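Below is one structure, written out as structure tokens; the observations come after it.
Every value quoted in this text rests on a predicted model; they were computed, and no experiment measured them. Heavy-atom basis, side chains included; hydrogens, waters and symmetry copies ignored. Quick note on labels: first sequence line is chain A, next is B, and so on, each numbered from 1.
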Amino acid sequence: MNGMTFEAIAARIAQVCDEAMVVRSENGQPFVRVPAAALPRVAALLRRDPALLCDALMDLTGYDRLKYPGNEASPANDAIAVVYLLFSQQHHHRVMLEVQAPRALCSVPTVSGLWPAALYFEREVFDLLGVQFVGHPSLERILCPDDWVGHPLRKDYLYPAQYHGVPHLREGQHFDGAPRRQGDPEPTPTPAPTKKGHP
Amino acid sequence: MAVADLPKPGNDPHEQIVLTAVDEFLAWGKENSLFYLLFATACCGIELMQAGGPRYDVDRLGMIPRATPRQADLMIVAGTITHKMAGVVRTLWEQMTEPRWVVSMGSCANSGGPFSKWSYSVLNGVDKYVPVDVYIPGCPPRPEALIDGVMALRERVRRYRTMGVRDRDPHVVQGADCRFGSHPGKPEPQA
Ligand code: SF4
């Protein structure tokens, strides 16, 4: 029992979403990038279409594209990307979806109505990357304490210097090359290292 | 005097009474029944379980794991404590009955261990929330080090029970493997 090929799935997605784009990640993994506005449509198609029937949301995760070297297919930007890994237990095919949301007004429609597993995944992505999942019934922090400030997996996250009055370093403790914490002086700008292939 | 010459216990009740200080007797009972609260949050917890297993068998020291703080004399904090978890440690400690003792096991519980440099969420030492009696360095400490710490604690329990002296300065188990960072109490090596 073999499912559809990736190309066939991508073509099927393109029928409901004109802006869908097939991109290859750096290690050659193909995925479909859709705009956030089209996500409910595409997700419903993938979930319900009898030929696609992606009934398992294997993972929903995200990453910060800041400092990420761009290439032709995905130019560098500072968006937050949300990634959906879907699998069809019926047809045994899988597909990866990506949605990008701008950093400042970071919101993506929820898919928890289609895959209840997304309820926890979306809380995690909200907690660590600050993506607002519109329509999620209880979008609260899941890993950090409720009164935590900031979203730690954002690449411009500034580590707190203390939490509830407990400082982050013990008295007299110092680490060379430790990440900058709140209250530390601004680092002096150093010229960015140039690496071949990543201008 | 040969054994045969010793007076045999007779029917006289005075010959069957052992005279000792009640405090000594109670202390002996107490130090041989240190029930501990299992508080294993990370990899050090595996070593704690190993200490309870048949090879090291801390049961023979009268140490029986308890699942509730109400029945525990001793809390062994074995593992990484995050800021979110720290409040739970404090609550459990407050629920234990006096006199209560705390053993901090492993670099994480002592000082944040391998996470103290790069982490935003790990507490740098459980002693910020609860008073610690014995520190055991190591990542993770071997069960021998844990037993070493417990023996030092038993000494303290006995002193407290017989003389009413509660040592406030923490004991640090020496000679244990301590790869990640320093821990309070051990002098830094001179450069
Ligand atoms: S001290 Fe080492 S072994 Fe123990 S909990 Fe921390 S990382 Fe794990």
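Residue B:Thr82: no heavy atom, backbone or side chain, is found under 4.5 Å from chain A. For A:Asp147, no part lies under 4.5 angstrom from a heavy atom of chain B. When heavy atoms are compared at a cutoff of 4.5 Å, A:Pro179 approaches chain B by way of both its backbone and its side chain. The contact between A:Leu143 and chain B is made entirely by backbone atoms, counting heavy-atom distances below 4.5 Å.
Residue B:Lys117 holds its NZ atom at 9.0 Å from NE2 of A:His174, rounded to the nearest 0.5 Å. To the nearest 0.5 Å, atom CZ of residue A:Arg170 and atom CG of residue B:Asp127 are 4.0 Å apart. In this structure, NZ in B:Lys84 is found 10.5 Å from CH2 in A:Trp148, a value given to the nearest 0.5 Å. To the nearest 0.5 Å, atoms CD (A:Gln162) and CG (B:Asn124) are separated by 13.0 Å. Separating the CD atom in A:Gln182 from the OH atom in B:Tyr120 is a distance of 14.0 Å, to the nearest 0.5 Å.
Taken together through direct or relayed side-chain contacts under 4.5 Å among Ile, Leu, Val, Met, Phe, Trp and Tyr, A:Leu114 and A:Leu39 form part of one hydrophobic cluster. A continuous path of Ile, Leu, Val, Met, Phe, Trp and Tyr side chains, each step under 4.5 Å between heavy atoms, connects A:Leu45 with A:Ile9, placing both in one hydrophobic cluster. Residues A:Val42 and A:Leu52 fall within the same hydrophobic cluster, defined by Ile, Leu, Val, Met, Phe, Trp and Tyr side chains chained together at heavy-atom separations under 4.5 Å. If you chain together hydrophobic residues whose side chains sit under 4.5 Å apart, A:Leu60 and A:Leu85 never meet in one group. Residues B:Met105 and B:Met151 share a single hydrophobic cluster, defined by chaining ILVMFWY side chains whose heavy atoms lie under 4.5 Å apart.
In the displayed structure, B:Trp118 atom CH2 is contacted under 6.0 Å by more than 12 heavy atoms of other residues, nucleotides or ligands. A 6.0 Å sphere centred on CZ of B:Arg55 holds no more than 12 heavy atoms belonging to other residues, nucleotides or ligands. Open room surrounds OH on A:Tyr120; 12 or fewer heavy atoms of other groups in view lie less than 6.0 Å from it.
For the residue pair B:Ser119 and A:Tyr159, the shortest heavy atom distance occurs at C-CE2, 3.9 Å.
Below 30°, between 30° and 60°, or above 60°: for A:Tyr163 and B:His83 the angle between ring planes is between 30° and 60°, a tilted geometry.
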